[in-house]
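Encoded as structure tokens, the structure appears first; notes follow it.
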Number of protein chains: 2
Amino acid sequence: MDIARSEVFEAGTPIACRSCRARHGVVCGALSNAQLKELNRHSLRRKVEAGSAIIAQGSESSFYSNIMRGVFKLCKMMPDGRQQIVALQFAPDFVGRPFVRESTLSAEAATDAEICVFPRNLLDRMIAQTPELQRSLHDQALNELDAAREWMLTLGRRTAEEKVASLLHLIATHAEPQTAISAAFDLPLSRAEIADFLGLTIETVSRQMTRLRKRGVILIENSRHIVVPDMDELEKISA
Amino acid sequence: MDIARSEVFEAGTPIACRSCRARHGVVCGALSNAQLKELNRHSLRRKVEAGSAIIAQGSESSFYSNIMRGVFKLCKMMPDGRQQIVALQFAPDFVGRPFVRESTLSAEAATDAEICVFPRNLLDRMIAQTPELQRSLHDQALNELDAAREWMLTLGRRTAEEKVASLLHLIATHAEPQTAISAAFDLPLSRAEIADFLGLTIETVSRQMTRLRKRGVILIENSRHIVVPDMDELEKISA
DNA sequence: ATCTGAGTTTGATCTGGATCAAATCCGGAC
DNA sequence: GTCCGGATTTGATCCAGATCAAACTCAGAT
């Protein structure tokens with residue numbers, strides 16, 4: 001896992017990405033057909049294995065990506081090894097930091113994933129030329145900012161139990177957007193990763209999950225597959 | 001203070017804002033002279049007392065602001081009263097959430113402050129018409145996102161001592177941007193606010209400040225005025 | 001079928017920071 | 001000047017979550 005963390009994305013055996021406005025997410029919806037065609041000509045579709053990093057903290061990245069499938073985690077590591085996951089990203093999110101080459105965080109696939117990779121130079125040019133695209137990236141940035149600040153509340157002020165419930169709620173609502181009453185989903189994160197997202201230890205995460213199970217708030221089919229019979233109750237616990 | 005928190009900004013005795021490209025910060029640098037003139041015609045300069053809120057969590061806000069002087073805190077409050085400050089903003093930051101009227105946080109003056117207030121409708125129109133402006137707001141949003149994520153690391157993974165040192169370092173670098181070796185500055189926050197920013201209690205903040213003082217890392221001239229003889233040491237402690 | 005090892009759970013104990021409780025400080029009203 | 005009340009510091013104690021230490025689980029290798 002530590003090796004995986006330092007493994008930076010390298011172009012492998014890419015597949016040219018066909019025109020796919022619907023699936024390029026945030027980027028393609030905002031482009032003209034001509035731009036889309038050019039973008040596609042210079043873009044690659046790539047499969048990414050769980051655990052491999054596509055952006056490394058502290059290094060320069062010369063591309064952006066759109067997530068087509070899978071979940072990515074954005075991590076910040078301290079020199080002594082302490083780590084904090086600062087966001088999860090799901091399809092069809094855009095991954096990358098517009099306007100700044102050097103990354104202050106790493107982006108790593110939490111599950112097997114598929115991405116579309118755009119050259120930074122080309123997309124930067126298109127952003128400058130296309131207010132629509134700028135707007136759509138601006139919008140994603142603002143949404144991520146809202147989410148980050150919401151999570152700051154979780155990190156700073158919620159108890160371990162509330163933190164775990166918040167995480168399950170977050171995953172449930174992203175995995176099963178229809179989430180009316182009940183939900184069943186696969187956790188894209190290991191216990192260690194959950195701990196790094198919640199600012200807790202593995203053991204505390206595990207104990208809180210067990211507590212929620214014993215109270216009937218969740219069923220743990222196996223450590224990665226969770227069923228939530230009553231989403232309202234989970235939401236209530238996450239405060 | 002609790003009353004102040006719920007006190008929402010109301011236009012008082014505003015002063016028409018003269019053309020002041022340099023001082024309007026993020027917004028005005030990106031506008032043409034004609035736009036600037038129109039914006040100024042519909043904008044107000046306002047003094048805001050420490051403690052009064054210009055945006056209330058959960059309510060709609062029909063204006064944006066630029067901070068001309070002073071410090072604002074962005075707060076999120078839980079139903080049971082727990083609170084987290086999720087950002088500090090300094091002149092010449094832009095305050096407001098483009099594209100979404102209802103606010104998920106409150107914005108409150110931490111010190112006496114002065115702002116320029118723009119009507120939301122007008123500025124939204126200008127954003128749509130002015131890629132430069134969109135770009136400059138996009139840029140601020142991305143910088144705030146970086147800052148928020150950096151702070152998530154502080155909240156989730158740093159010790160109380162590291163948290164307090166991080167806060168002092170943050171304030172010092174904003175108050176005294178030249179910050180080469182030593183720095184002296186006024187804290188814009190009370191101990192209670194510092195606690196709410198760091199996810200700690202008042203007592204812990206106080207104890208850690210005392211510890212830093214006894215170690216000679218800081219001098220506390222009075223509870224609000226701090227001298228840092230050696231910024232490097234402070235930075236080292238904040239990890 | 002058994003072994004292996006990473007991931008997870010559970011148990012025992014410890015501790016950093018919270019909580020409860022007084023002092024002390026200090027700026028403003030008088 | 002004295003008094004007052006909120007902010008801050010300091011002290012004593014507590015406890016949620018960390019740490020240390022085993023078990024347990026289970027998918028993949030042999």
Side-chain angles (χ1 to χ4, degrees), chain A residues 1-5 50-51 80-84 110-112 154-167 186-214 218-226 237 239, chain B residues 1-5 49-51 80-84 110-112 154-168 186-214 218-226 237 239:
Chain A
M1 177 59 82
D2 279 330
I3 291 162
R5 270 173 183 158
D80 65 5
R82 281 177 286 176
Q83 193 168 20
Q84 177 69 44
T111 64
D112 287 344
T154 300
L155 291 174
R157 288 302 186 200
R158 289 200 233 260
T159 64
E161 173 177 88
E162 290 167 344
K163 285 178 175 184
V164 170
S166 298
L167 176 88
D186 285 309
L187 284 175
L189 303 178
S190 69
R191 296 290 184 267
E193 290 170 319
I194 293 173
D196 280 341
F197 195 25
L198 294 173
L200 297 172
T201 58
I202 303 179
E203 295 93 326
T204 298
V205 170
S206 178
R207 279 187 245 274
Q208 293 299 336
M209 298 270 286
T210 305
R211 258 166 54 90
L212 290 176
R213 177 172 57 69
K214 285 184 178 163
I218 59 174
L219 313 190
I220 304 181
E221 309 233 303
N222 67 53
S223 71
R224 290 279 192 146
H225 193 78
I226 305 293
I237 293 168
Chain B
M1 180 57 81
D2 279 331
I3 290 161
R5 271 174 182 155
E49 292 194 340
D80 64 6
R82 280 176 288 176
Q83 195 168 20
Q84 177 70 42
T111 64
D112 287 345
T154 299
L155 290 174
R157 289 303 185 199
R158 290 201 232 260
T159 63
E161 172 178 90
E162 291 167 344
K163 285 179 174 183
V164 170
S166 298
L167 176 88
L168 294 174
D186 284 309
L187 284 174
L189 303 178
S190 69
R191 297 290 183 269
E193 290 170 319
I194 293 173
D196 280 342
F197 195 24
L198 294 173
L200 297 171
T201 59
I202 303 179
E203 295 94 327
T204 298
V205 171
S206 177
R207 278 187 246 274
Q208 294 299 336
M209 298 270 285
T210 305
R211 258 165 55 89
L212 290 175
R213 177 172 56 70
K214 286 184 176 162
I218 59 174
L219 314 190
I220 304 181
E221 309 233 304
N222 68 53
S223 71
R224 290 280 191 145
H225 193 77
I226 305 292
I237 294 168

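A note on names: the letters A, B, ... follow the listed sequences, proteins ahead of strands, and every chain is numbered from 1.
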So which protein N/O to nucleotides 19-26 of chain D N/O distances come out below 3.5 Å?
{"residue": "dT19(D)", "atom": "O4", "partner": "R207(A)", "partner atom": "NH2", "Å": "2.9"}
{"residue": "dC20(D)", "atom": "N4", "partner": "E203(A)", "partner atom": "OE2", "Å": "3.0"}

R213(B) has its side chain closest, among dT10(D), dT8(D), dT8(C), to dT10(D)

Stems for DNA chain D (at least 3 consecutive Watson-Crick or G-U pairs, under 3.5 Å) come to C:1-30 with D:1-30

Closest non-hydrogen contact found for A239(A) with E162(A) is CB-OE2, 3.6 Å

For S166(B), the side-chain hydrogen bond (donor to acceptor under 3.5 Å, both in side chains) test, sequence neighbours excluded, returns none

note: L200(A), atom CG; dT9(C), atom P; distance rounded to Å ~ 14 Å

R211(B) atom CZ is separated from dG11(D) atom C1', nearest whole Å, by 16 Å

Rounded to whole Å, CZ of R82(B) lies from C1' of dA18(C) at a distance of 13 Å

By salt bridge (charged side-chain N to carboxylate O under 4.0 Å, His left out), E161(B) pairs with (sequence neighbours left out) R211(B), R215(B)

Taken to the nearest whole Å, CG/L189(A) to P/dT8(C) is 10 Å

Nearest-nucleotide check on DNA chain C, K214(A) vs V205(B); residue mapping nearer the 5' end is K214(A)

Rounded to whole Å, CE of M209(B) lies from C1' of dA7(D) at a distance of 13 Å

Between R191(A) and I202(A), the two heavy atoms sitting closest are CB-CG2, 3.9 Å

H225(A) NE2 to dG7(C) C1', in whole Å, measures 19 Å

Side-chain contact check for S223(A): nearest option of dA18(D), dT9(C), dT10(D) is dT9(C)

Taken to the nearest whole Å, CZ/R191(B) to C1'/dT9(D) is 9 Å

So, with a heavy-atom separation below 4.0 Å from DNA chain C, the residues of residues 154-164 of chain A are none

Problem set entry | Over 12 non-hydrogen atoms of neighbours within 6.0 angstrom of CD in E221(B) | yes

In this structure, CZ of R213(A) is separated from CD1 of I218(A) (nearest 0.5 Å) by 8.0 Å

Heavy-atom closest pair (F197(B) atom, L189(B) atom, distance to 0.1 Å) is CD2-CD1, 4.4 Å

Those residues at least two apart in sequence (or on a different chain) that pass side-chain hydrogen bond (donor to acceptor under 3.5 Å, both in side chains) with T111(A) are none

Nearest heavy-atom contact between Q83(B) and R157(A) is O-NE, 2.9 Å

Q) Phosphate oxygens OP1/OP2 of dT10(D): is one of them under 4.0 Å from a side-chain N or O of T210(B)? A) yes

Between A50(A) and A110(A) the two heavy atoms that sit nearest each other are CB-O, 3.8 Å

Separation between CG (L198(B)) and CG (L155(B)), nearest 0.5 Å, reads 7.5 Å

When rounded to whole Å, the CD1 to C1' distance for the pair I220(A) and dT10(C) reads 13 Å

To the nearest 0.5 Å, atom OG1 of T154(B) lies from atom NZ of K163(B) at 8.5 Å

